[in-house]
Amino acid sequence: MATVAAEARVFLEVRRRLRSALLILGDSKEGGLPMAVSVTPSSLRMQSPGGCTELRLPAGVRLAPSSCRGLQHVPGDGLHLRLHARAECCPELISVFNQSSQAQECCTFYCQSCGEVVIRDRMLLRVLPLPGDNWGALVDEWCCHPNPFANKPLHPQENDCFTGDCFYLVNLKSDLWQPRPEGAPMETHHPSSENHLKLTPKANTKVICKRCKVMLGETVSSETTKFYMTEIIILPSERNFPIIPRSQFVQSIIAQCMVELSSARSTFRFTIQGHDDKVYILLWLLNSDSLVIESLGQSTSIQRFPVLEDVLKADASSAWNAVKVLYQPCIKSRNAELSSLWENDISVHSLTLPSTTCLELLLILSKSNAILPPSLRCMNSFQARKLSQRD
């Protein structure tokens with residue numbers, strides 16, 4: 001049967017671990033219209049006086065029509081319905097670095113914003129994670145002899161790359177062209193993955209892309225540079241630079257960093273702070289097993305599901321893996337008391353990014369929160385958001 005244009009909005013969130021789904025069917029016309037809803041294992045069909053809308057689910061997603069329960073109308077949202085659902089498991093989580101590069105491989109570092117080559121054809125013989133914060137104190141606690149690592153900062157050698165929570169440390173001694181800082185190096189002390197160095201402010205050490213002038217990282221010493229994961233793409237040298245929408249890249253990197261840290265350290269609260277040490281955002285990770293399918297009723301036979309403006313393309317993914325977070329902005333002295341409490345809480349983990357990227361992330365969170373169904377936008381005093389993950 002041919003479908004006719006309709007204005008129904010569809011929002012479906014499938015929780016893989018719980019094998020459940022929340023279905024929200026809205027109507028953009030105030031007051032709503034009578035609507036007949038048909039649920040099959042692989043599709044949804046909405047029939048109203050204005051026409052018919054059919055949504056076909058992606059392969060691997062199956063609903064259980066007989067399990068429908070909790071039908072209710074929520075003002076501003078539309079119909080809410082819960083039911084059993086199954087979705088194929090997400091691919092096993094891979095390190096942010098190992099998605100694009102492996103040791104023993106010749107790699108090229110690119111500026112993510114403009115594609116400018118930052119480091120060309122670098123052979124990485126060792127790719128090693130930095131130890132966690134307070135690692136020096138743990139050595140003192142467990143060793144029966146003086147700490148052999150005291151006053152010895154962890155700096156990579158020529159063919160090394162050290163990875164922190166959201167940054168890379170690389171040695172640029174042998175590069176013919178190096179992204180130059182705006183000032184002289186700072187004094188450094190013990191590095192770790194959270195606060196890998198203590199900087200004594202002597203000068204501006206920002207590393208700037210020579211093409212687009214975006215901040216890529218900071219100098220740590222005369223030979224070592226820290227690059228932020230949100231600003232750099234590392235690829236095998238034989239591969240071409242991929243064009244990835246900026247907001248998609250930023251949110252996927254942040255989402256994966258939080259998922260990895262929550263799994264490794266059982267921490268679920270994060271502060272996003274700039275390189276200027278100001279806290280910009282408080283993030284609370286709720287879950288990482290959501291599959292979101294959404295349509296705004298823009299077409300008669302819906303197969304594409306927009307999330308943000310820059311993924312409204314013909315090749316946009318039909319469904320997207322997401323992590324659900326709560327967030328609070330901290331700019332212009334907002335939530336100062338809560339921010340201070342979180343900063344002094346040892347269970348809260350800090351992620352440091354360029355200040356402009358912190359503002360980008362805040363804008364992404366705000367825009368994405370605005371397109372959620374109204375009933376899902378807030379929880380207590382926090383605002384809710386789903387960050388998409390790269391496959």
Side-chain angles (χ1 to χ4, degrees), residues 95-97 101 103 107-112 116-120 122-137 139 147-210 213-234 253 257 261 271-278 349-358:
S95 166
V96 171
F97 185 87
S101 175
C107 298
T108 296
F109 291 53
Y110 298 91
C111 169
Q112 194 278 326
E116 175 71 12
V117 174
V118 179
I119 303 176
R120 188 185 299 277
R122 169 63 68 89
M123 178 62 72
L124 298 177
L125 300 181
R126 297 193 306 171
V127 178
L128 303 172
L130 284 167
D133 52 300
N134 302 322
W135 67 274
V139 173
N147 185 352
F149 305 107
N151 301 317
K152 293 182 179 180
L154 299 179
H155 291 315
Q157 299 302 310
E158 183 175 335
N159 296 109
D160 294 344
C161 180
F162 293 169
T163 63
D165 295 339
C166 56
F167 62 85
Y168 310 114
L169 282 185
V170 295
N171 188 303
L172 298 183
K173 179 180 179 181
S174 63
D175 283 82
L176 296 177
W177 177 84
Q178 300 179 18
R180 292 297 180 182
E182 295 182 348
M186 295 182 175
E187 293 181 356
T188 63
H189 300 290
H190 292 296
S192 72
S193 61
E194 177 186 278
N195 188 12
H196 78 289
L197 46 91
K198 299 293 184 181
L199 299 177
T200 303
K202 283 188 175 181
N204 190 349
T205 61
K206 294 191 292 185
V207 175
I208 306 297
C209 174
K210 64 182 181 181
K213 309 306 179 184
V214 165
M215 179 181 175
L216 303 177
E218 301 174 81
T219 56
V220 176
S221 71
S222 60
E223 298 179 359
T224 304
T225 298
K226 174 177 75 172
F227 290 111
Y228 293 107
M229 290 181 180
T230 53
E231 315 306 317
I232 291 289
I233 290 182
I234 305 175
I253 290 293
C257 285
L261 288 168
T271 59
I272 305 297
Q273 68 179 37
H275 67 280
D276 54 5
D277 293 328
K278 295 180 181 178
H349 194 83
S350 177
L351 295 175
T352 301
L353 305 171
S355 298
T356 53
T357 302
C358 295

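FYI, side chains are in, hydrogens and waters are out, and symmetry mates aren't considered; it's all heavy atoms of this structure. All residue numbers refer to positions in the sequence shown, counting from 1. Since we're looking at a predicted model, the values are computed, not measured.
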Please round to the nearest 0.5 Å and tell me the distance separating atom [atom1] of [X] and atom [atom2] of [Y].
{"X": "T108", "Y": "R120", "atom1": "OG1", "atom2": "CZ", "answer": "6.5 Å"}
{"X": "L351", "Y": "C358", "atom1": "CG", "atom2": "SG", "answer": "9.5 Å"}
{"X": "R122", "Y": "D160", "atom1": "CZ", "atom2": "CG", "answer": "9.5 Å"}
{"X": "Q112", "Y": "I233", "atom1": "CD", "atom2": "CD1", "answer": "4.5 Å"}
{"X": "Q273", "Y": "L353", "atom1": "CD", "atom2": "CG", "answer": "9.0 Å"}
{"X": "L125", "Y": "Q157", "atom1": "CG", "atom2": "CD", "answer": "11.5 Å"}

Determine the minimum heavy-atom distance between [X] and [Y], stating which atoms define it.
{"X": "Y228", "Y": "T352", "value": "CE2-O, 3.4 Å"}
{"X": "H349", "Y": "L261", "value": "CD2-CD1, 3.6 Å"}
{"X": "E231", "Y": "V214", "value": "OE1-CG1, 3.6 Å"}
{"X": "T224", "Y": "P156", "value": "CG2-CD, 3.6 Å"}

A side-chain contact here means heavy atoms from C-beta on lying under 4.5 Å apart; do [X] and [Y] qualify?
{"X": "H275", "Y": "S355", "result": "yes"}
{"X": "Y110", "Y": "V117", "result": "yes"}
{"X": "C257", "Y": "D165", "result": "no"}
{"X": "T230", "Y": "C166", "result": "no"}
{"X": "V118", "Y": "C209", "result": "no"}

For Y168 and F109, take the angle between the two ring planes, folded into 0 to 90°, and tell me which bin it lands in: parallel under 30, tilted 30 to 60, perpendicular over 60.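 Plane angle over 60°, so perpendicular.
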
Among L128, L130, L169, side-chain contact (heavy atoms from CB on, under 4.5 Å) partner for L154: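 Running side-chain contact (heavy atoms from CB on, under 4.5 Å) over L128, L130, L169 with L154 returns exactly one hit, L130.
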
